[in-house]
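Encoded as structure tokens, the structure appears first; notes follow it.
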Number of protein chains: 2
Amino acid sequence: MTEVHLRDALDTLKSTGVRITPQRHAILEFIIQSMSHPTADDIYKALESKFPSMSVATVYNNLRVFREAGLVKELTYGDSSSRFDFITNDHYHMICNTCGKIVDFHYPGLDEVEHLASHLTGFDVSSHRMEIYGTCPTCKEHATKVQ
Amino acid sequence: MTEVHLRDALDTLKSTGVRITPQRHAILEFIIQSMSHPTADDIYKALESKFPSMSVATVYNNLRVFREAGLVKELTYGDSSSRFDFITNDHYHMICNTCGKIVDFHYPGLDEVEHLASHLTGFDVSSHRMEIYGTCPTCKEHATKVQ
DNA sequence: TTATTAATTTATAATTGTTATAATAAGTAT
DNA sequence: ATACTTATTATAACAATTATAAATTAATAA
């Protein structure tokens, strides 16, 4: 699964004339296999044992490259730093208000909303984004235990 | 309309023991009457003729007060700074990829999605957020003229 | 009123995520 | 090999936001 995505992504990059460096490969691989929607700093820290001399700028540079190649989506929430999500199927995010955990879930067909919005506003629609907020099972558990 | 919202909002604030200062009043009023989802800096600039000595910190402080009182929602998009939106009915945002314009539209009942997400992930759901991206009529017009 | 206390604003410094710059290194093509 | 492009590194710059401390204002109580 991860391997297929990685191979496809590398092909996409090559086809746009982007060079596959070891750092670039590692960053991309980390994002794909990560289920945690990492921040730039998460990625930097995760790879520092493998690439002790890698610069933060390299992480940011490559995240931009991936974004421009349409491989990665940048997500901004209320908190300070952006999170990065490898683009696969259409999915949405369930976000815990307490611990910040992000869980993906799939839901097809919000086409209806897109159509309505387009009709009401006169926009041409290209994409949409949705997040649902709440409390994850772990935090619920913890809350009941504490009180 | 604006007046009703403002009066309600002031009541909410008073009931939580927050003092209504001139700056606070002006910031709140500006957000409510503004259709443009202003940034902190927008607010600061808009009020500087009225309050020449007002600090940026005051704007941020009060935005936090309003947020904590449930009056205002903070929205982060890809760009650098947060935007603030007075909370009225459930509505979503249509955002232009080209000029960044934000247009509200109303759409009831994404309860179904909330339920599904809750069922799939085990979260308790508190709220959700959705944005749709596209091209606004003005930018479409402009694009056709240019080419 | 006056004194006292708490809340708010102001001015400014500190912090932090991100971007820009310049130098170095690595890969590619002639 | 030489020149040329691209990527990485190290570091400085920037910009949004937050923290801090002093000054101001408002509310309360004697």
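The structure displayed is predicted, hence computed values, not measured ones. Protein chains get the first letters and strands the later ones, always in sequence-line order, with residue 1 at the start of each. Basis for what follows: all heavy atoms, side chains included, without hydrogens, waters or symmetry-related copies.
Of the candidates C:dT10, D:dA7, D:dA27, D:dA7 carries the atom nearest the A:R19 side chain, counting heavy atoms from C-beta on. Taking only side-chain atoms of B:V18, from C-beta outward, the nucleotide of C:dT8, D:dT17, C:dT10 with the closest atom is C:dT8.
Separating the CD1 atom of A:I27 from the C1' atom of D:dA7 is a distance of 11 Å, rounded to the nearest angstrom. Atom CG in B:D41 sits roughly 17 Å away from atom P in D:dC14 (whole-Å rounding). One atom, CE of B:M54, and another, C1' of C:dT12, lie 17 Å apart when rounded to the nearest Å. Separating the CZ atom of A:F51 from the C1' atom of D:dA7 is a distance of 13 Å, rounded to the nearest angstrom. In this structure, B:D42 places its CG atom 16 Å from P of D:dA15, rounding to the nearest Å. Between B:N61 atom CG and C:dA6 atom C1' the separation is 16 Å, expressed in whole Å. Distance CD (B:E74) to C1' (D:dT18): 12 Å, rounded to an integer number of Å. As rounded to whole Å, 10 Å separates atom C1' of C:dT10 from atom OH of B:Y44.
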Candidate pair A:H25 and A:L6, rule side-chain contact (heavy atoms from CB on, under 4.5 Å), full reasoning: CA-CA 9 Å; A:H25 188 282; A:L6 182 57; 4.1 Å; yes
When you look at A:V59 and A:M54, which way does the side-chain contact (heavy atoms from CB on, under 4.5 Å) test go after all the steps? CA-CA 8 Å; A:V59 176; A:M54 184 170 67; 3.9 Å; yes
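For D:dT25, the OP1/OP2 oxygens have no side-chain nitrogen or oxygen of B:Q23 closer than 4.0 Å. For C:dT18, one of the phosphate oxygens OP1 or OP2 lies less than 4.0 angstrom from a side-chain nitrogen or oxygen of A:Y60. The side chain of A:S55 contributes no N or O atom lying less than 4.0 Å from OP1 or OP2 of D:dA10. An OP1 or OP2 oxygen of D:dT17 is reached within less than 4.0 angstrom by a side-chain nitrogen or oxygen of B:S82.
For the atom pair OG of B:S118 and CD1 of A:I132, the computed distance is 9.0 Å after rounding to the nearest 0.5 Å. Note that CZ of B:F86 is 9.0 Å distant from CD1 of B:I31, once rounded to the nearest 0.5 Å.
For B:P22 and A:P22, each mapped to the nucleotide of DNA chain D holding its nearest heavy atom, the one lying further toward the 5' end belongs to A:P22. Nearest-nucleotide positions on DNA chain C for B:P52 and B:R24 put B:R24 closer to the 5' end.
Counting any heavy atom pair closer than 4.0 Å across all strands shown, A:T21 reaches sugar-phosphate atoms only and no base atom. Among the heavy atoms of the strands lying under 4.0 Å from B:S81 are primed sugar atoms or P, OP1, OP2 only; no base atom is included.
Salt-bridge annotation for A:D41 and A:K45: present, with a side-chain N of the basic residue lying under 4.0 Å from a carboxylate O of the acidic one.
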